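Only one structure is covered here, and it is reproduced in the block below.
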Amino acid sequence: MSLLDSFVVRALLAGLGVALAAAPLGCFVVWRRMAYFSDATAHAAILGVALALALSVNVFLGVLAVAGIMALAVSTLTSRGHAMDTLLGVAVHSALAAGLVAVSLISGVRIDPMAYLFGDILSVGRGDLALIWGGAAAILALLAWRWRALLTATVNPDLAYASGIDPRREQMVLTLALALVVAVAIKVVGALLIGAMLIIPAAAARAVGDTPERMAALAAGIGALSVFGGLQASLSYDTPTGPSIVSAAAVLFALTAIAARLLRR
């Protein structure tokens, strides 16, 4: 009997894959104050699910396409001077509402919207694992390749220009990576909680990480611990797994904030 025959092992591996992919990307989301941007991209994933089912294509590809279009559209509009907070507020709620309406209109397909809103990690199969870890590897490879350029563009756009780095190109790299992590994570934590897995571990790591690289590594560790703790709590107390993982991340955020305050004394 293979270890992958156990749904608990598959769920754990899926959660770890998402945590490793989301950690370094989440650091850039925190540094650039892109939390609302990540929510808009994640909520558009529901529309991607509906379109994929309606067109009988792979859900992963549908989510990736729609999340990518949403991220590119918002990024383009904000770069042209549109108010960021207002635009993202419209995008977040419109994308989620349109997705839920589209799902309800699909005939002949039985779908549980809750699984895509809050995740269904316990139903992850071998094929899902291959997509999750393949996507995670692609995200990590992309960020490793562009790490220094992304950091420079994040810290000081003027310095980036002086160094021959185009901040708009680096913004596009982050945008595409964000769309990919949404497509990877929707099966695990759902559209409503993807933003939390991007932001909470990175915010927790910022309290104790003294370099960008250390913060990214700590965020990955905190994300992995959140998956362990949330999955264990879900199995022990029969709670929803996706929200349990996010709750565990929130607890770790509180603990790191307390630890950081004590260390400063």
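What you see is a predicted model; the values in this text were computed from it and never measured.
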Look at atom CZ of R32 and say whether more than 12 heavy atoms of other residues, nucleotides or ligands are closer to it than 6.0 Å.
yes
Is there a continuous path of hydrophobic side-chain contacts, each under 4.5 Å between heavy atoms, that joins V30 to L143?
yes
What heavy-atom pair brings G223 and A19 nearest, and what distance separates the two atoms?
C-CB, 3.6 Å
How many angstroms lie between atom CD1 of I245 and atom CD1 of I121, to the nearest 0.5 angstrom?
4.0 Å
pair Y237-S244: side-chain heavy atoms closer than 4.5 Å:
no
Under the 3.5 angstrom rule, does the side chain of W133 hit a backbone N or O of L13 as a donor-acceptor pair?
yes
Please report the shortest heavy-atom distance between L198 and A22, naming the atom on each side.
CD2-O, 3.7 Å
Check: G209 main-chain N/O paired with R214 side-chain donor or acceptor under 3.5 Å:
no
Minimum heavy-atom distance between I46 and G99, given as atom pair plus value
CG2-C, 3.4 Å
What closest approach, in Å, do G195 and S38 show between heavy atoms, and which atom pair accounts for it?
CA-OG, 4.3 Å
Using modelled atom types and a 3.5 Å cut-off, is there a donor and acceptor pairing between side-chain atoms of S236 and backbone atoms of A233?
no
CD1-CD1 distance between I200 and I222, expressed to the nearest 0.5 angstrom
11.0 Å
Is it true that atom CG of D238 has more than 12 heavy atoms of other residues, nucleotides or ligands lying nearer than 6.0 Å?
no
Please answer: with hydrophobic residues joined when any side-chain heavy atoms are less than 4.5 Å apart, are V182 and L51 in the same cluster?
no
Do you know which of T154, V173, L178 makes side-chain contact (heavy atoms from CB on, under 4.5 Å) with F28?
T154
S234 side chain vs P240 backbone, donor-acceptor pair below 3.5 Å:
no
Residues at least two apart in sequence or cross-chain that pass salt bridge (Lys or Arg N to Asp or Glu O under 4.0 Å) with R146, listed by chain then number, are E170
Evaluate side-chain contact (heavy atoms from CB on, under 4.5 Å) for H43 paired with L192, printing each intermediate quantity in order.
CA-CA 7 Å; H43 290 180; L192 295 182; 3.6 Å; yes
Assigning hydrophobic clusters by single linkage (Ile, Leu, Val, Met, Phe, Trp, Tyr; side-chain heavy-atom cutoff under 4.5 Å), is I139 placed with V18?
yes
Establish whether L129 and L64 are linked, either directly or via other cluster members, by ILVMFWY side-chain heavy-atom contacts under 4.5 Å.
yes
Within-4.5 Å side-chain heavy-atom neighbours: W31 and P212
yes
Side chains of L117 and L193: closer than 4.5 Å at any heavy-atom pair?
no
Distance col, row M172:CE vs T175:OG1, nearest 0.5 angstrom, shows 6.0 Å
Step by step, work out the side-chain contact (heavy atoms from CB on, under 4.5 Å) result for S226 and V246.
CA-CA 7 Å; S226 301; V246 175; over 6 Å; no
Closest non-hydrogen atoms of A191 and I186, given as atom of the first, atom of the second and distance, are N-CG1, 4.1 Å
Apply side-chain contact (heavy atoms from CB on, under 4.5 Å) to the pair Y116 and K187, showing each step before the final yes or no.
CA-CA 7 Å; Y116 290 102; K187 183 80 173 181; 5.5 Å; no
Walk me through whether V227 and V188 qualify under side-chain contact (heavy atoms from CB on, under 4.5 Å).
CA-CA 10 Å; V227 171; V188 177; over 6 Å; no
Sequence neighbours excluded, which residues qualify as ring pair (Phe, Tyr, Trp, His ring centres under 6.0 Å) partners of W145?
none
Kindly give the heavy-atom pair with the smallest separation between V66 and G48, and that separation in Å.
CG2-CA, 3.5 Å
Hey, does S247 have a side-chain heavy atom less than 4.5 Å from the side chain of V251?
no
When rounded to the nearest 0.5 Å, the distance separating OG1 of T241 from CG of D120 is 7.5 Å
What's in the same ILVMFWY side-chain cluster as L218, cut-off under 4.5 Å, chained through other members?
V208
Does V8 belong to the same Ile/Leu/Val/Met/Phe/Trp/Tyr cluster as V124, with side-chain heavy atoms less than 4.5 Å apart forming each link?
yes
With rounding to the nearest 0.5 Å, note down the distance linking CG in L131 to CG in L61.
8.0 Å
Working to the nearest 0.5 angstrom, can you tell me the gap between L235 CG and F7 CZ?
6.0 Å
